[in-house]
Chemist: 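Let me give you the structure first, and then I'll get to my questions.
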2 protein chains.
Amino acid sequence: MTTEEKIFNAARIVFQKKGFAGARMQEIADEAGINKAMLHYCFKNKQLLFQAVFMNAFGQLAPQINAIFNSQDTVFDKITKFTHSYISFVILNPYLPQFVIQEMNNNPEFVMSFMNNGNRPNPTVLIAQIEKEIADGIIKPINPKQLLLDIFSMTIFPFAAQMMVKGMIQISDSQFNEMMEERKTSVAEQIINSIKK
Amino acid sequence: MTTEEKIFNAARIVFQKKGFAGARMQEIADEAGINKAMLHYCFKNKQLLFQAVFMNAFGQLAPQINAIFNSQDTVFDKITKFTHSYISFVILNPYLPQFVIQEMNNNPEFVMSFMNNGNRPNPTVLIAQIEKEIADGIIKPINPKQLLLDIFSMTIFPFAAQMMVKGMIQISDSQFNEMMEERKTSVAEQIINSIKK
DNA sequence: ATACTGTTTAACCATTTGGTTAACAAAGGT
DNA sequence: ACCTTTGTTAACCAAATGGTTAAACAGTAT
C-alpha cells in the first residue's frame, strides 16, 4: 500500500467518525502511521484531503443507484433491487450515510456544486416510469417523489441514525445487524405492499 | 430576555448549524450580542453549554412521543397522531433531527447515559400492543420493531437529510415544505395501508 | 563515488480557540 | 453614604491546531 493510500484510508476513517470539523490532522497521521508533514506533502491541506475522501464516498453511491434506477426493470423490481443492494452496501460502510448527510448540512454549497456536476443519483427516469405505471393501473395513485423519499428514508435512515435507533428501540449491536439483514427484503415488501393495486 | 437566555438561544442556533466541534465560542457570543467572557460566567465551559442545549432539544422530543405511544388509542390512531404531530413539530425545528443524530454519533457515551436516565422515548407499551393486534388479526404479522423503525425513518429522515433530499430529488425549499405538509398525512396512510389486514 | 530525484521526518511557526483575570459598572441591602 | 453581590467587559494566556521548512534519507541514473 502506497503512502498516499495509507493516508487516504486513515483520513476516511477519521473523517467519517469525527466529521470535518472534529477531525484532527495529527490523528489522521497517527492512524496512517506516518508523519503529519506527509499529509500536506500528499494532499496540500485539510480541505483538499477531505474533499478527496468525501467525493470518493459519494462517488461510490451515485453510479450504483443510477444503474438500478435507469435499468429496464419494472418499478417493483427496481425497488426490490435498490433496497437490497443499497442496504448490503451500507452494511459494509456503516459510517457513510451519516458522514455524507452531516457534511452536506455543514457544507451545502460545496456539495451542491459537486452534485450538479453530473455526479448525482438521477431519478427522473424512474419518476416518469412511476407515473406511467400509475396511469397503467399497476400502482395506486401517489406522488412519485413522496414514494422515492419513502424508499430513501427506510433504507438510509437506520444507518444514518444508528445510535439513536439503538437507543430508542433498545437493541444491541448484533440485534441491529440482524434487523438490517431482515430489512434487505422487508423494506421492499413493505413499500410494494402499500402501493400495488 | 435575560442574558442567560440570549446566550442559550445563540448557542442553540450555532450548535445546531455547526455541531459541537464546528461551533466557536466567539460566534455564539457574537450571535448573542455579548462578550465572550459572559459565556463562561453563565455556563462554565463549552461542554456544559452544549449539554444544556442538547438536553433541551432532546427533552422536547421524548415526552411528546411517549404521550402518544402510551395513550389508549389503537395502533393505527397512534401512527396517525405520531407522524402528524412529529412532522408538525419538526417543521418548526428543522435543524433538530440532524443535530441530535450528529451529536449522538459523535458522543455516544454521553447521550446513552442521558437516555438511560429515563429521558427517552419508550416504545415497550406500543410494541406489546402491536403484537396483540397482530394476534387479534387486525395487523398483518410483521416484526414490531421493524414497523417502528419504518415509522421513525419516514418521519425523521427527510428533515435529517434535508440537503441531500433536496439535491437528490431536485426540489426547491418551498417544494420541500409542501412535501412535508403532505407527509403529515401521507406517511401514516402509507404505513397503515401496508400493514392492515 | 557523485549528483540528482522524489520521499520522509523533526522541529518550528502563526493563528485560532477555549478559557482566565482583573478591573469596572449596576443594583441592593445596611 | 458605604459595602456587598451580581453582571459585564477588555485584555490576556496557554494549549491546540493547521501548516511550513530545512535537513536527512533512499533510490537511480551518470
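Numbers restart at 1 for each chain; the letters A, B, ... are given by sequence-line order, proteins then strands.
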Chemist: Between B/K166 and B/Q175, is there a donor-acceptor pair closer than 3.5 Å when you use the side chain of the first and the backbone of the second?
Modeler: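 No; judged by distance alone, with no hydrogens or angles, the pair does not exist.
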
Chemist: Report the residues that fulfil ring-ring contact (aromatic ring centres under 6.0 Å, His included) with A/Y86, sequence neighbours left out, ordered by chain and then residue number.
Modeler: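 A/F82.
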
Chemist: Does A/V53 offer a backbone N or O that forms a donor-acceptor pair with the side chain of A/Q16 under 3.5 Å?
Modeler: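 No, the answer is negative, given that no donor and acceptor are paired below the 3.5 Å cut-off.
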
Chemist: Side chains of A/D30 and A/Q26: donor-acceptor distance under 3.5 Å anywhere?
Modeler: yes

Chemist: If every non-hydrogen atom of A/A37 is compared with every non-hydrogen atom of A/N35, which pair is closest and at what distance?
Modeler: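 Closest heavy-atom pair between A/A37 and A/N35: N-OD1, 2.7 Å.
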
Chemist: What is the nucleic acid contact for A/A29, judged by heavy atoms within less than 4.0 Å: base, sugar-phosphate only, or nothing?
Modeler: nothing

Chemist: Using whole Å, what does the distance between atom P of nucleotide D/dT8 and atom CG of B/L39 come to?
Modeler: 12 Å

Chemist: Would you say B/R12's side chain and B/A57's backbone share a donor-acceptor pair under 3.5 angstrom?
Modeler: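 Checking the backbone N and O of B/A57 against the side chain of B/R12, no donor-acceptor pair under 3.5 Å is found.
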
Chemist: What string of B, S and - do you get for nucleotides 11-16 of chain D, 5' to 3', when a contact is any protein heavy atom under 4.0 Å?
Modeler: ------

Chemist: Which part of the nucleic acid, if any, lies within contact of B/A23, taking any heavy atom under 4.0 Å across all strands shown: a base, the sugar-phosphate backbone alone, or nothing?
Modeler: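 Contact class for B/A23: sugar-phosphate only.
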
Chemist: Just the rounded figure in Å: distance from P of D/dA24 to OH of A/Y41.
Modeler: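 Between P of D/dA24 and OH of A/Y41: 18 Å.
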
Chemist: Honestly, is B/K46 close enough over B/F20, meaning NZ or CZ under 6.0 Å from the six-membered ring centre and within 45° of the axis?
Modeler: yes

Chemist: DNA chain D: A/H40 or B/M38, which has the more 5' nearest nucleotide?
Modeler: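 Looking at the nearest nucleotide for each, B/M38 comes out on the 5' side.
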
Chemist: Give a yes/no answer on whether the side chain of A/T3 brings an N or O atom under 4.0 Å of OP1 or OP2 in C/dT8.
Modeler: yes

Chemist: Counting only non-hydrogen atoms, which of residues 43-51 of chain B are less than 4.0 Å from DNA chain D?
Modeler: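 Those residues: none at all.
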
Chemist: Look at the side chain of B/E133 and the backbone N and O of B/V75, then say whether any donor-acceptor pair between them is shorter than 3.5 Å.
Modeler: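 Side chain of B/E133 to backbone of B/V75: a pair is present.
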
Chemist: Calculate the interatomic distance between B/M25 atom CE and C/dT16 atom P; express it in whole Å.
Modeler: 18 Å

Chemist: Could you state the atom-to-atom distance from CG of B/D30 to P of D/dT9 in whole Å?
Modeler: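 It is 12 Å, rounded to the nearest whole Å.
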
Chemist: Rounded to whole Å, how long is the line connecting atom CD of B/Q26 with atom P of C/dG19?
Modeler: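 Checked: the CD to P distance equals 13 Å.
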
Chemist: I'd like to know whether the aromatic ring centres of B/F15 and B/F50 sit less than 6.0 Å apart in this structure.
Modeler: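 For B/F15 and B/F50, the ring centres are under 6.0 Å apart.
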
